[in-house]
Amino acid sequence: MGEFNVWTSLPAVAPEIGLTILAAVVLLLDAYLPKEKNRARNIAFVSAVSMAVLALTPFIWAPAPNTSELFWGGMVRHDALGQLFDVMILLAGAITVMIAVDDSGVGRRGEFHLIVIIVTLGGCILSSSADLVMIFVALETVSIPLYVLAAFRREDNKSSESGLKYFLFGSFASAILLYGFSFLYGLTGSTQLTAIAAGLNSEIVSGNLVAVLAALLMVIVGFGFKISAVPFHFWTPDVYEGAPTPVTAFVSVASKAGSFAVFMRFLIEAFGLPAVSADATSTLVVIDGQTIQTFWVNLLTVFSILSMTVGNVLALRQKNFKRLLAYSSIAQAGYTLMGLAALQAQSAIGQDIAMASITFYMFMYTFTNLVIFAGIILFVEATGRENIADFAGLQRRSPWLALAMTIGLLSLAGIPPAAGFFGKLFLFQAAVEANLVGLAMIGVLNAIVALYYYLIIIKIMYVDQGIDEDKPLAMPRSYAWVLGITSVVIIILGVIPTPIFDLAQQGAAAVRLAMGS
Amino acid sequence: MEFNFITVAFIVFSLITLGGAIGVVTCINLFRGTIWLMVSLFGVAGLMVLLSAEFLAAVQVLVYIGAIAILFTFAVMLTRSITSDKMRFTRVWVNVISAGILFVLFALGVIYPVWVANAATHFPVTDAGLATTTDLGVALVSGSQFVLPFEVAGLLLTAAMIGAIVIARDADDEGN
């Protein structure tokens, strides 16, 4: 690390600095703008445009190529993977603010935008954290404001219930996570992840295998809650259904992407990677002759299978669109866990693809989920109903809305030319590279099951007869922009995924090299 | 015992601690009792400063007086029927016996390590490698230590506070 130099350290937190300034500006705008009709809308536009512009900062102040350096006293890493996660979380924040402007519950409050900005900041810093203290503070910066946002519509009992449920489950999970962290700190005397790996490999910890496994288990439980993997998913359907829809959209992408990023970094940096060739060194943590990685890979494989299967099977029975997306997001977490399990690959290319496939999947999932939620908000604001059957005949009421939602659903289902196809393909490829062919097969079978309920919705929108088909839906300009841009991004990612995937692979290689394997 | 500044300070803080404690148990009005509790806790904080444990003293003031005693005060003030209660708790013998047992236990706890414990397990107090409040302060603002989590925590608390106000505000203020 060497001597602290503020000028070389600033680029590592460039988006966060921008977001802090933006938060202050939004706070002042909310306090001083005159009270008129378009006030909240103007604040929303300022926030959204600023966050979209800030999504450029990770490229302007890019990390040195093929490095993954620690900054701010080992608190954060500055690398291409963090860069990609920053971009997707910033854009998720911008889109969330845009799709909230016409939502009756949250859009008219200036505070909503401020809290979204702070969550975005937390997500950005979370995805590049490299220290237990930083991870925990960032994770809470993502979680606590989201509890508030879930309960934002106080006049709606369902929203209050969802906020309270989210808060109780969330703080319980955070406590378990923190307990696990305290074990790791107690065993190694360090909070920095790579220093923890060194500490765990040293003589002092030998004989404490059970304690280390207990700590690891608690950390996995904590992160498992945040990414809503089975069996820690019970909060998901109720929170998704009860929270105001823009908040649900944001929970399903920002919190999930940030958590997956830091979960991946935690497992890699604290427990090491296998040697990539016969003459390379392995960085795996081995205690009393037991490789810790075997333990978490097996555990995550089981969670992956459970999440995919339970999520997809329960999604088949849902009537409410938001609940369906909740179970779908559980299943999607299951697919992504496959990428984490694939980190056991014993080749450089296998490990790189594992990391890059998680990053790419989260990248495309952000846009995919947001386009569908934008459509739901638009529809629910106009009709007040959110059951799947109510979407019947949507194509005749608003052809463009139906088209955008179809693109989103195809992407979730993994059908080309939408981006979801390559997202799943890369994950399956990573699993095969890591000798997890069985897991990949289960993933493919699950994708086929999921196809059914995604396609049913498309059929309802295009074929079924609705009760008020003659009433066209109005499309406000801000929503038209959001739906258009996200749909186009999904198609572009689905046709030419290589630029993003290559960047993710470079970032993955940098992380692997920084680990010294 | 030498008669110097430390001794005087020790006697003063002990008197504050014990006097406050007597105030807590003798006050009929519960609200006054909580105020005496704060006095007693302040005395303990003073004793900790004399033992060169500044950090514990600061935590004592911030957490016990600043948070817990204030919470007691709120609880007492919010339950009106108790505030105006003038009854005394009259089961004297139970109190005397339990207080006596507690006193003996505490006295043993203090005396045992000082006089009875084996000299081999006794370590002299040293300053070497001991973190002080200064180190803590520096760690929180040093760029090579914890400044980043410290600043992010500040933002988190701001967002949490604003969120709490939004949720708790009266419905009448909507749209302002």
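Residue numbers begin at 1 in each chain, while the letters A, B, ... track the order of the sequences. Everything numeric here is computed off the predicted structure, so don't read it as measured data.
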**Student:** For atom CZ of B:F13, is the number of surrounding heavy atoms from other residues, nucleotides or ligands below 6.0 Å larger than 12?
**Tutor:** yes
**Student:** Can you confirm whether B:L15 is buried at CG, in the sense that more than 12 heavy atoms of other residues, nucleotides or ligands lie under 6.0 Å from that atom?
**Tutor:** yes
**Student:** Does any heavy atom of chain A fall under 4.5 Å from the side chain of B:F146, the backbone, both, or neither of them?
**Tutor:**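 Backbone plus side chain of B:F146, per the 4.5 Å heavy-atom cut-off to chain A.
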**Student:** What is the minimum heavy-atom distance between A:A151 and B:I167, and which atoms define it?
**Tutor:** CB-CD1, 3.8 Å
**Student:** Would you say the side chain of B:L148 lies within less than 4.5 Å of the side chain of A:V13, judging by non-hydrogen atoms?
**Tutor:**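 Answer yes - side chains close enough.
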**Student:** If you compare all heavy atoms of B:L156 against all heavy atoms of A:P145, which two are closest, and at what distance to 0.1 Å?
**Tutor:** CD1-CD, 4.0 Å
**Student:** Rounded to the nearest 0.5 Å, how far does CH2 of A:W72 lie from OG of B:S142?
**Tutor:**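 Reported to 0.5 Å precision, the distance equals 10.0 Å.
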**Student:** Using side-chain heavy atoms (C-beta onward) and a distance below 4.5 Å, is B:T158 in contact with A:I118?
**Tutor:** no
**Student:** Tell me, for B:V152 versus chain A, whether the close heavy atoms (under 4.5 Å) come from the side chain, the backbone, both or neither.
**Tutor:**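 Both the backbone and the side chain of B:V152 come within 4.5 Å of chain A.
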**Student:** Quick one: does A:L27's side chain get under 4.5 Å of B:I162's, heavy atoms only?
**Tutor:**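 A:L27 reaches B:I162 side chain to side chain.
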**Student:** Side chain, backbone, both or neither: which part of A:I135 has a non-hydrogen atom closer than 4.5 Å to chain B?
**Tutor:**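 Neither; nothing under 4.5 Å.
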**Student:** Need one label for A:T141: side chain, backbone, both or neither, based on atoms under 4.5 Å from any heavy atom in chain B.
**Tutor:**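 It is both, since atoms from each part get that close.
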**Student:** Checking heavy atoms, do the side chain of A:I117, its backbone, both or neither come under 4.5 Å from chain B?
**Tutor:**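 Neither; nothing under 4.5 Å.
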**Student:** Which pair of non-hydrogen atoms, one from A:M75 and one from B:Q145, has the smallest distance, and what is that distance?
**Tutor:**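 Here A:M75 and B:Q145 meet closest at CE-O, 3.3 Å.
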**Student:** Could you go step by step and tell me if B:L155 and A:L121 meet the side-chain contact (heavy atoms from CB on, under 4.5 Å) rule?
**Tutor:** CA-CA 9 Å; B:L155 284 167; A:L121 185 151; 3.6 Å; yes
**Student:** Between chain B and each of A:V133, A:T191, A:L149, A:I115, count heavy-atom pairs under 4.5 Å; write down the option with the most.
**Tutor:**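 Greatest number of close heavy-atom pairs with chain B: A:V133.
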**Student:** Does B:F42 CZ have over 12 foreign heavy atoms under 6.0 Å away?
**Tutor:**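 Not buried by this count: 12 neighbours or fewer within 6.0 Å.
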**Student:** Which bit of A:V119 is near chain B, if near means a heavy-atom gap under 4.5 Å: side chain, backbone, both or neither?
**Tutor:** neither
**Student:** Looking at B:A153 and A:V137, what are the two nearest heavy atoms and their distance?
**Tutor:** N-CG1, 3.8 Å
**Student:** Select one option (side chain, backbone, both, neither) describing which atoms of A:V76 are under 4.5 Å from chain B's heavy atoms.
**Tutor:**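 Side chain only.
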